[in-house]
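The next block holds one structure in the form of structure tokens; read it before the comments.
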Amino acid sequence: MAWGLAVLERGAAGLYDVVVAPECRGQGLGRQLVSGLLQWAATQGAQQVDLQVRGGNRVAEQLYASLGFVPVYGYHYRVQD
């Protein structure tokens, strides 16, 4: 099982919450899912696409790089105790 969300606003698509169930990983579902979301975005007129990936998620980073995504910047959240 795989799940993801694409949102289009002002010519830009954002990909969110792209996940593949642990027991289903390694079967190409993530690639199929992201490719489908990118195709949808293109048909809707998206001129750019962005996504966020949790730092250290090497498998996701490799997948996104193979689809043409490049890192633009890093971020982190501050948590106050």
Check your understanding: Below 4.5 Å, heavy atoms only, C-beta onward: do V18 and V34 meet side chain to side chain?
Key -> yes
Check your understanding: How is the hydrophobic cluster of V20 composed, in terms of its other members, when Ile, Leu, Val, Met, Phe, Trp and Tyr link through side-chain heavy atoms under 4.5 Å apart, directly or indirectly?
Key -> L29
Practice item. Quick one: list whatever passes side-chain contact (heavy atoms from CB on, under 4.5 Å) with D50, sequence neighbours left out. Key: Q48
Practice item. Can you run down the side chain to side chain donor-acceptor pair (under 3.5 Å) pairs that involve residues 55-65, sequence neighbours left out, and say none if there aren't any? Key: R58-E61
Practice item. Taking salt bridge (charged side-chain N to carboxylate O under 4.0 Å, His left out) as the test, write out the residues that go with R10, two or more places apart. Key: none
Study note, to complete from the structure: Apart from V7 itself, its cluster of hydrophobic side chains linked below 4.5 Å comprises W3, L5, Y16, V19
Study note, to complete from the structure: Minimal heavy-atom distance between G4 and L33, with the atoms involved, is N-CD2, 3.7 Å
**Study point:** Under the side chain to side chain donor-acceptor pair (under 3.5 Å) test, residues paired with Q39 that sit two or more places apart
**Key:** none
Check your understanding: Once you round to the nearest 0.5 Å, how far does CD of Q32 lie from CD of Q27?
Key -> 9.5 Å
Check your understanding: So which residues get pulled into W40's cluster when ILVMFWY side chains under 4.5 Å apart are joined, directly or through others?
Key -> L8
Point to revise | Partners meeting side chain to side chain donor-acceptor pair (under 3.5 Å) with S66 (sequence neighbours left out) | key: R31
Check your understanding: Any idea which heavy atoms bring G30 and L63 closest together, and the distance?
Key -> C-CD2, 3.8 Å
